[in-house]
Amino acid sequence: MSTKKFPRLVVLTGAGISAESGLRTFRGNDGMWEHENIDDVCTPEGYYRDKKRVKDFYNFLRKGLKEHEPNAAHFALAELEKRLGDDFLLVTQNVDNLHERAGSKRVLHMHGDLMRLTCEHNPKHEFLFDGEETLETRCPFCGAMTRPDIVFFGEQPLYMEEIQDALQHCKEFVYIGTSSVVYPAAGFKSFAKSFGAKVTCLNLEVPTSDPYTDIFVQGKATEIVPKWCEEFKI
């Protein structure tokens, strides 16, 4: 009987890592995003109230990704993954594709992925998409209407079971470019810690104290992540 292999290192990235590539925070504190009200473009109610408006909004964001490039932190994590192989798992709260463009392969987008669409009828039907989604775009598997592969406010984040399994078995959990205060991601550090993992924070701002984090490294992701990745040993 084969034993399932779990990664020894789990990395969580947030908006801070993409901000240094010029991308604005997706879920801003002011409730607005690119002059749109979050309630109109990032809730189930907003989507079913005006599907065209929501699809156009994410078309705009998808198209804009081409104007931004992965930065040194993205590339450093991709290189670390090459070195560690299956001992590495990257979980991101970001919906952009900068990790993938830097070369990362083992990536879970817990809040969705701008470069994918899902089926309204069957959420297991998802597929890569880099064009303009319209009201006529259909699922290639069943013909139903599609929607952006984005976790709206009030919806369950993706891959939670897989993430929790990885956190339960990893030796180290690192969160980068995120304050880790918004749940469910905020619970990752305490969950991993409870199973014996070492917890490290790499962020522009760090708390004065946090009982669940062992090491704090403060600075810009492009400066501190490459150094940390180079020095990391399992």
Side-chain angles (χ1 to χ4, degrees), residues 1-18 70-113 151 156-207 209-219 221-234:
M1 180 182 295
S2 62
T3 302
K4 183 175 180 180
K5 179 177 173 60
F6 293 97
R8 294 170 65 87
L9 172 65
V10 177
V11 176
L12 171 70
T13 62
I17 196 170
S18 292
N71 61 49
H74 294 105
F75 285 112
L77 289 170
E79 286 300 314
L80 182 59
E81 179 187 348
K82 289 179 183 177
R83 178 152 60 91
L84 300 182
D86 289 337
D87 277 326
F88 178 96
L89 176 65
L90 176 59
V91 179
T92 185
Q93 297 171 290
N94 302 331
V95 298
D96 60 66
N97 64 346
L98 297 183
H99 281 301
E100 287 86 350
R101 286 164 59 192
S104 293
K105 305 294 183 186
R106 298 165 178 85
V107 185
L108 297 180
H109 285 264
M110 62 179 293
H111 289 160
D113 185 347
V151 177
Q156 177 72 14
L158 306 173
Y159 310 112
M160 288 304 296
E161 184 174 347
E162 187 174 348
I163 293 170
Q164 288 175 342
D165 281 347
L167 292 172
Q168 184 176 343
H169 293 90
C170 71
K171 298 299 181 184
E172 185 161 355
F173 171 63
V174 181
Y175 57 102
I176 300 170
T178 173
S179 57
S180 191
V181 295
V182 178
Y183 284 85
F188 291 176
K189 57 188 175 183
S190 60
F191 186 75
K193 184 75 172 175
S194 71
F195 286 95
K198 175 183 175 182
V199 179
T200 299
C201 169
L202 307 176
N203 197 32
L204 190 59
E205 298 179 0
V206 297
S209 65
D210 182 336
Y212 305 115
T213 303
D214 300 297
I215 297 175
F216 297 99
V217 181
Q218 186 172 15
T222 50
E223 297 173 357
I224 61 176
V225 173
K227 184 175 186 296
W228 181 86
C229 288
E230 184 177 346
E231 296 176 351
F232 178 80
K233 292 181 177 63
I234 259 182

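The model shown is predicted, which means the values in this text are computed figures rather than measured ones. Just so you know, these numbers use all the heavy atoms, side chains as well, and skip hydrogens, waters and symmetry mates.
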Participant: Output every pair passing side-chain hydrogen bond (donor to acceptor under 3.5 Å, both in side chains) with a member in residues 222-234, not counting sequence neighbours, ordered by first then second residue.
Facilitator: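 Checked against side-chain hydrogen bond (donor to acceptor under 3.5 Å, both in side chains) - neighbours excluded - the pairs reaching residues 222-234 are Glu20-Thr222, Lys227-Glu231.
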Participant: Quick one, Lys5 and Asp87 - any side-chain contact, counting heavy atoms below 4.5 Å?
Facilitator: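 In contact.
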Participant: Could you grab the distance from atom CE of Met110 to atom CD1 of Ile163, nearest 0.5 Å is fine?
Facilitator: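 CD1 of Ile163 is found 5.0 Å from CE of Met110.
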Participant: Quick one: are Ile215 and Lys198 in side-chain contact, heavy atoms under 4.5 Å?
Facilitator: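 Sidechains of Lys198 and Ile215: in contact.
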Participant: If you measure from CG on Asp210 to OG on Ser190, what distance do you get to the nearest 0.5 Å?
Facilitator: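 Reported value, rounded in 0.5 Å steps: 9.0 Å.
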Participant: Any heavy-atom pair between the side chains of Tyr212 and Val199 that's under 4.5 Å?
Facilitator: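 SC-SC contact between Val199 and Tyr212 ruled out.
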Participant: Could you pull out the closest heavy-atom pair between Asn203 and Val206, with the gap in Å?
Facilitator: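 Result for this residue pair: O-CG1, 3.9 Å.
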Participant: Do you know the tightest heavy-atom contact between Ile176 and Ile17?
Facilitator: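 Taking every non-hydrogen atom into account, CG2-CD1, 4.4 Å.
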Participant: Within the structure provided, determine whether Tyr175 and Cys201 are in side-chain contact (heavy-atom separation under 4.5 Å).
Facilitator: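 Yes; the side chains approach each other to less than 4.5 Å.
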Participant: Show me the donor-acceptor pairs within less than 3.5 Å that the side chains of residues 75-84 make with the rest of the protein, sequence neighbours left out.
Facilitator:
residue	atom	partner	partner atom	Å
Glu79	OE2	Lys82	NZ	3.2
Glu81	OE1	Lys105	N	3.0
Glu81	OE2	Lys105	N	3.2
Glu81	OE2	Arg106	N	2.9
Glu81	OE2	Arg106	NH1	2.9
Arg83	NH1	Phe232	O	3.1
Arg83	NH2	Cys229	O	2.7
Arg83	NH2	Phe232	O	3.4

Participant: Please give me the minimum heavy-atom distance between Leu89 and Ala166, naming the atom from each residue.
Facilitator: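 Looks like CD2-CB, 3.7 Å.
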Participant: About how many Å separate CG of Asn94 and CG of Asp113, when rounded to the nearest 0.5 Å?
Facilitator: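 Going from CG on Asp113 over to CG on Asn94, the span is 11.0 Å.
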Participant: Can you name the residues that form a ring-ring contact (aromatic ring centres under 6.0 Å, His included) with His109, not counting sequence neighbours?
Facilitator: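 His109: no ring-ring contact (aromatic ring centres under 6.0 Å, His included) contacts found.
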Participant: Nearest 0.5 Å please: distance from the CZ atom of Phe216 over to the CD atom of Glu205.
Facilitator: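 That separation rounds to 13.0 Å.
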Participant: Just how far is it from atom OG of Ser104 to atom CG of Asn97, taken to the nearest 0.5 Å?
Facilitator: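 CG of Asn97 is found 11.5 Å from OG of Ser104.
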Participant: Roughly how far apart are Thr213 OG1 and Lys189 NZ, rounded to 0.5 Å?
Facilitator: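 Nearest 0.5 Å value for the OG1-NZ distance: 4.5 Å.
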Participant: Is there a donor-acceptor pair under 3.5 Å between the side chain of His111 and the backbone N or O of Val95?
Facilitator: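 No.
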Participant: Side-chain contact, heavy-atom cut-off 4.5 Å: Pro184 with Gln156?
Facilitator: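 Sidechains of Gln156 and Pro184: no contact.
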Participant: How close do Asn71 and Ala73 get, heavy atom to heavy atom, and via which atoms?
Facilitator: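 Heavy atoms only, the tightest pair is OD1-N, 2.9 Å.
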Participant: Is it the case that more than 12 heavy atoms not belonging to Lys193 sit under 6.0 Å from its NZ atom?
Facilitator: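 Yes - once you tally the heavy atoms of other residues, nucleotides and ligands closer than 6.0 Å, there are more than 12.
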Participant: Considering residues at least two apart in sequence or located in another chain, which fulfil the ring-ring contact (aromatic ring centres under 6.0 Å, His included) criterion with Phe195?
Facilitator: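 With neighbours one apart ignored, the set is Phe191.
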Participant: Could you tell me which residues satisfy ring-ring contact (aromatic ring centres under 6.0 Å, His included) with Phe6, sequence neighbours excluded, listed by chain and number?
Facilitator: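 Testing Phe6 for ring-ring contact (aromatic ring centres under 6.0 Å, His included), a comparison that skips the adjacent residues, returns His169.
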Participant: Please report the shortest heavy-atom distance between Gln218 and Ile224, naming the atom on each side.
Facilitator: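 Between these two residues, the closest heavy atoms are O-CG2, 3.9 Å.
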Participant: Return each pair, listed once, that meets salt bridge (charged side-chain N to carboxylate O under 4.0 Å, His left out) where at least one residue sits in residues 156-180; pairs must be two or more places apart or across chains.
Facilitator: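 Checked against salt bridge (charged side-chain N to carboxylate O under 4.0 Å, His left out) - neighbours excluded - no pair reaches residues 156-180.
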Participant: In the structure I gave you, are the side-chain heavy atoms of Asp96 and Arg101 within less than 4.5 Å of one another anywhere?
Facilitator: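 They are not in contact (no side-chain heavy atoms under 4.5 Å apart), so the answer is no.
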